[in-house]
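Values reported hereafter were calculated over all heavy atoms of this structure, with side chains retained and with hydrogens, waters and symmetry mates removed.
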Amino acid sequence: LPIKGPVSAETWSQEQAKRKERINKVCQEHASKLYFDNVPIHNYHIIFFPKYNVLHCEILKAGSSTWTVGTFMKLADKLGIPYRQNKTDRRYREAGRVDFQKYFQIKNMETFNRILEGDPVSFTNVRHPFE
């Protein structure tokens, strides 16, 4: 139901408490489907830039390519990191992005755990849901 007029802090707090209860209930009911002993690493959407101890989790369709191409690839080029496989490809930028992701991807959970022990700066970016 739409709320008319200003909302008091108490009303807002009550609504948030109801939402948290609902989330907890669903999580308890479906726990076996939601929790994993080992988190799988999919493709190359988690990349690690060791020189700066930066861990980036890409979220498709949320501007991750902009970070990869606009920041990380330029930095890797500036540092002389040889990640490019095919410089003659007509789709140089796209091929370079895929090469970059493959070069910097985390290959397995053992490596991932070792990276986490180094307390990296980690981030992701998301889009506003109504954008």
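Residues L55 and L116 have side chains in contact (heavy-atom distance under 4.5 Å, counting atoms from C-beta outward). With a 4.5 Å cut-off on side-chain heavy atoms, V54 and F123 count as touching.
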Next item on the list: Show your working on side-chain contact (heavy atoms from CB on, under 4.5 Å) between Y52 and L75 and close with a plain yes or no.
Entry: CA-CA 10 Å; Y52 295 100; L75 186 57; 3.5 Å; yes
Next item on the list: Check step by step if side-chain contact (heavy atoms from CB on, under 4.5 Å) holds for F100 and I47.
Entry: CA-CA 9 Å; F100 177 88; I47 59 172; 3.6 Å; yes
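Listed for the T124 side chain is a donor-acceptor partner under 3.5 Å among the backbone atoms of C57. For the pair N53 (side chain) and G118 (backbone), a donor-acceptor distance under 3.5 Å is present. Side chain of K107 to main chain of Q105: a donor-acceptor pair is present (N/O by atom type, distance under 3.5 Å, no hydrogens or angles).
The line from CD of Q28 to CD1 of I23 is 12.5 Å long, rounded to the nearest 0.5 Å. Residue Y103 holds its OH atom at 13.5 Å from CE of M73, rounded to the nearest 0.5 Å. Here the OG1 atom belonging to T111 is positioned 12.0 Å from the CD1 atom belonging to I46, to the nearest 0.5 angstrom. Within the model, atoms OG1 of T66 and CZ of F72 stand 12.0 Å from one another, a figure rounded to the nearest 0.5 Å. Note that CD of E110 is 11.0 Å distant from CD1 of I115, once rounded to the nearest 0.5 Å.
For the pair L79 and K51, the tightest heavy-atom approach, listed with the atom from each and the gap, is CD2-CE, 3.9 Å.
Judged purely by distance below 3.5 Å, without hydrogens or angles, the side chains of E58 and T68 pair a donor atom with an acceptor atom.
The ring-ring contact (aromatic ring centres under 6.0 Å, His included) test applied to F48 returns no partner, not counting sequence neighbours.
Aromatic ring orientation, W67 versus H56: tilted (interplanar angle from 30° to 60°).
Between R19 and E15 a salt bridge is recorded (basic side-chain N to carboxylate O distance below 4.0 Å).
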